[in-house]
Amino acid sequence: MSLRTLLDLPAPAKLNLFLHVTGRREDGYHLLQSVFALVDWCDLLHLETRDDGRLQRHDLGPALPADDLCLRAARALQQASGTRRGVDITIEKHVPWGAGLGGGSSDAATVLLGLNQLWGLHWPRARLARLALGLGADVPFFIGGRNAWVEGIGEALQPVDLRPQRWLLLKPPIAVPTAAIFASPLLGRDTKPATLLDFLADPDGFKHNDLQQPATAYSPQVQEAVALAARCGDHSRMTGSGSAVFAEIGSEAQAIQARQQLRSLPEGWTGWLGRGLERHPLSDFAV
Ligand SMILES: C[C@@](CO)(OP(=O)(O)O)[C@H](O)COP(=O)(O)OP(=O)(O)OC[C@H]1O[C@@H](n2ccc(N)nc2=O)[C@H](O)[C@@H]1O
Ligand SMILES: Nc1ncnc2c1ncn2[C@@H]1O[C@H](COP(=O)(O)OP(=O)(O)O)[C@@H](O)[C@H]1O
């Protein structure tokens, strides 16, 4: 039995370096192609086991939905494993939500990885990833721990090595509802499928997000954010279903401009100047 009863763990955000909608499944879910890239903007989770089987969450910072993805992840693992143990989860939330940064999905993955260890379950990652898909399409990526070429609705992952990159991330003060963007009549659903080899041969040819146009129609602040990030960095574009955007910071001069911009953001906006991660901080975490 594991002697550890508490863990402090990071949950990093992701960017979609590009996102193509290539079709639709019979159940209405859209088929995607994307490269998911981990970034060093992280939530912090404190997990402490309980012997009474209860699952409880405490928020440091903004209040999350009552039955948030962390509690749902803990409950799913508790039920599937049959453990009698519980957990107190304290979330220090830094990554904004409704942003396309996958923060909630990453929190859920970190809870699964942490509880797998604290509860002494020793599930292999592949089994955790299958449970994770039931919580959300992006959760298996965060369990996988590597930057990835992603297909299907998020379950088909192939690890990719990405070149080191600094990023400026900006989020306007609106949350974009993913369902509304996928339902938009403005969304093209027939981008020609590419292959991982196409991407590896010409990564610069993959910088378009098919969801950006419907998201901009939902809120013009998405376009404002793209324009603002483009003042400091290159190839400014939206991540996921928005509303956050990101741009490539390729020089110290751009980084200085980006820092200045972060200090003078309009009311309600938030942002981050950071780096891509080669691997998830928990990629070597014992299972
Ligand atoms: C688009 C992505 C790319 O990373 O972005 P973000 O959520 O990070 O913005 C994800 O695949 C989002 O997946 P996920 O976050 O699980 O989506 P959900 O909130 O469950 O989806 C809400 C709704 O959007 C629609 N939906 C979602 C994903 C998908 N591949 N096709 C869809 O049609 C469905 O109607 C679904 O009920
Ligand atoms: N722990 C959590 N952190 C953030 N959002 C959460 C969490 N649990 C549930 N949610 C809900 O999930 C939605 C999507 O959040 P998130 O995974 O951050 O995705 P997105 O990439 O779409 O911003 C949010 O709008 C929020 O209502």
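Ligands are counted one by one from 1 in listed order, and the atoms in each one are counted from 1 as well. Below, each value reflects all heavy atoms present in this structure, side chains not excepted, and no hydrogens, waters or symmetry copies.
Separation of the H208 and F18 ring centroids does not fall under the 6.0 Å cut-off.
By the 3.5 Å distance cut-off applied to N or O atoms, D138 is not counted among the residues near ligand 2. Where the criterion is an N or O separation shorter than 3.5 Å, residue side chain and backbone included, L64 fails it with respect to ligand 2. Annotation: C70 places no N or O atom under 3.5 Å from an N or O atom of ligand 2; distance criterion only. Taking distance alone, with nitrogen or oxygen atoms compared against 3.5 Å, K93 approaches ligand 2 more closely than that limit. For L101, a nitrogen or oxygen atom sits less than 3.5 Å from a nitrogen or oxygen atom of ligand 2, counting backbone and side chain alike. Looking at D68 next to ligand 2, an N or O pair under 3.5 Å apart turns up. Between G103 and ligand 2, a contact under 3.5 Å exists for at least one N or O pair. Considering backbone and side-chain atoms together, S105 places an N or O closer than 3.5 Å to an N or O of ligand 2.
Of the protein's heavy atoms, T178 CG2, 4.0 Å lies nearest to atom 12 (C) of ligand 1. Looking from atom 24 (O) of ligand 1 to the surrounding protein, the closest heavy atom is A179 CA, 3.5 Å. Nearest protein neighbour of atom 21 (O) of ligand 2, counting heavy atoms only, is G102 N, 2.7 Å. Closest to atom 8 (O) of ligand 1, if we only count protein heavy atoms, is K14 NZ, 2.9 Å. Closest protein heavy atom to atom 36 (C) of ligand 1: Y29 OH, 3.5 Å. Of the protein's non-hydrogen atoms, W97 CD1, 3.9 Å is the one closest to atom 26 (C) of ligand 2. If you check which protein heavy atom lies closest to atom 18 (O) of ligand 2, you get G104 N, 3.0 Å. Looking at atom 11 (C) of ligand 2, its nearest protein heavy atom turns out to be P65 CG, 4.2 Å.
The proximity of N16 to ligand 1, defined as any non-hydrogen pair under 4.0 Å, is limited to the side chain. Counting heavy atoms under 4.0 Å from ligand 1, residue L31 does not touch it at all. Using a 4.0 Å cut-off between heavy atoms, R24 makes no contact with ligand 1 at all.
If you number the atoms of ligand 1 from 1 as listed, the ones under 4.0 Å from a heavy atom of G240 come out as 5 (O), 9 (O). The ligand atoms of ligand 1 that sit less than 4.0 angstrom from a heavy atom of D138 are 3 (C), 4 (O), 5 (O), 6 (P), 7 (O), 8 (O), 10 (C), 11 (O). Atoms of ligand 2 lying under 4.0 Å from any heavy atom of G98, numbered from 1 in the order shown and given with element: 23 (O). Atoms of ligand 1 found under 4.0 Å from any heavy atom of G28, numbered from 1 in the order shown, are 33 (O). Residue L69 has at least one heavy-atom neighbour below 4.0 Å for each of these atoms of ligand 2: 8 (N), 9 (C). If you number the atoms of ligand 1 from 1 as listed, the ones under 4.0 Å from a heavy atom of H30 come out as 29 (C), 30 (N), 31 (N), 32 (C), 33 (O). For ligand 1 and F36, the ligand atoms under 4.0 Å from any heavy atom of the residue are 4 (O).
Considering all non-hydrogen atoms of both residues, Q78 and G53 come closest at NE2-O, 2.8 Å. Across every non-hydrogen atom of A108 and V139, the tightest pair is CB-CG1, 4.1 Å. Minimum heavy-atom separation, S243 to P172: O-CD, 3.2 Å. Contact detail for F142 and L101: the closest heavy-atom pair is CZ-O, 4.4 Å.
Donor-acceptor pairing under 3.5 Å is lacking for the side chains of Q165 and W167. Donor-acceptor pairing under 3.5 Å is recorded for the side chains of R189 and H30. If you check the side chains of H122 and N116, you find no donor sitting under 3.5 Å from an acceptor. Side chains of H20 and D210: a donor-acceptor N/O pair is absent below 3.5 angstrom, by distance only. Residues Q56 and R50 have side chains that bring a donor and an acceptor to within less than 3.5 angstrom of each other. Of the N and O atoms on the side chains of D107 and T110, not one donor lies less than 3.5 Å from an acceptor on the other residue.
Across P177, S243, S241, heavy-atom proximity to atom 9 (O) of ligand 1 is greatest for S241. Counting heavy atoms only, A137 comes closest to atom 13 (O) of ligand 1 of the residues G104, A137, G98, S106. Counting only non-hydrogen atoms, the option in W97, F182, F141 that gets closest to atom 28 (C) of ligand 1 is F182.
Under a 4.0 angstrom heavy-atom cut-off, G100 registers as being in contact with ligand 2. Ligand 2 is never approached by A175 to a heavy-atom distance shorter than 4.0 Å.
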*Show your working on side-chain contact (heavy atoms from CB on, under 4.5 Å) between F285 and R125 and close with a plain yes or no.*
CA-CA 10 Å; F285 204 58; R125 266 173 207 265; 3.8 Å; yes
_If you apply the rule salt bridge (charged side-chain N to carboxylate O under 4.0 Å, His left out), what do you find for D68 with R57, and how did you get there?_
CA-CA 9 Å; D68 89 310; R57 201 192 73 229; 3.0 Å; yes
_Trace of the side chain to side chain donor-acceptor pair (under 3.5 Å) decision for W269 with E267_ = CA-CA 6 Å; W269 287 59; E267 177 74 25; over 6 Å; no
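In this structure, D161 places its CG atom where only 12 or fewer heavy-atom neighbours from other residues, nucleotides or ligands lie under 6.0 Å away. Summarising the local packing, CG of D51 is surrounded by 12 or fewer heavy atoms from other residues, nucleotides or ligands at distances under 6.0 Å. Applying the 6.0 Å contact sphere to CZ of R84 captures no more than 12 heavy atoms from other residues, nucleotides or ligands.
For atom 14 (C) of ligand 2, no protein heavy-atom neighbour is present inside the 4.0 Å cut-off. Remark: atom 24 (C) of ligand 2 lies closer than 4.0 Å to at least one protein heavy atom.
V245 and W272 are members of different hydrophobic clusters when ILVMFWY side chains are connected at heavy-atom separations under 4.5 Å. Hydrophobic clustering (ILVMFWY, side-chain heavy atoms < 4.5 Å, transitive): V95 and L113 are in distinct clusters.
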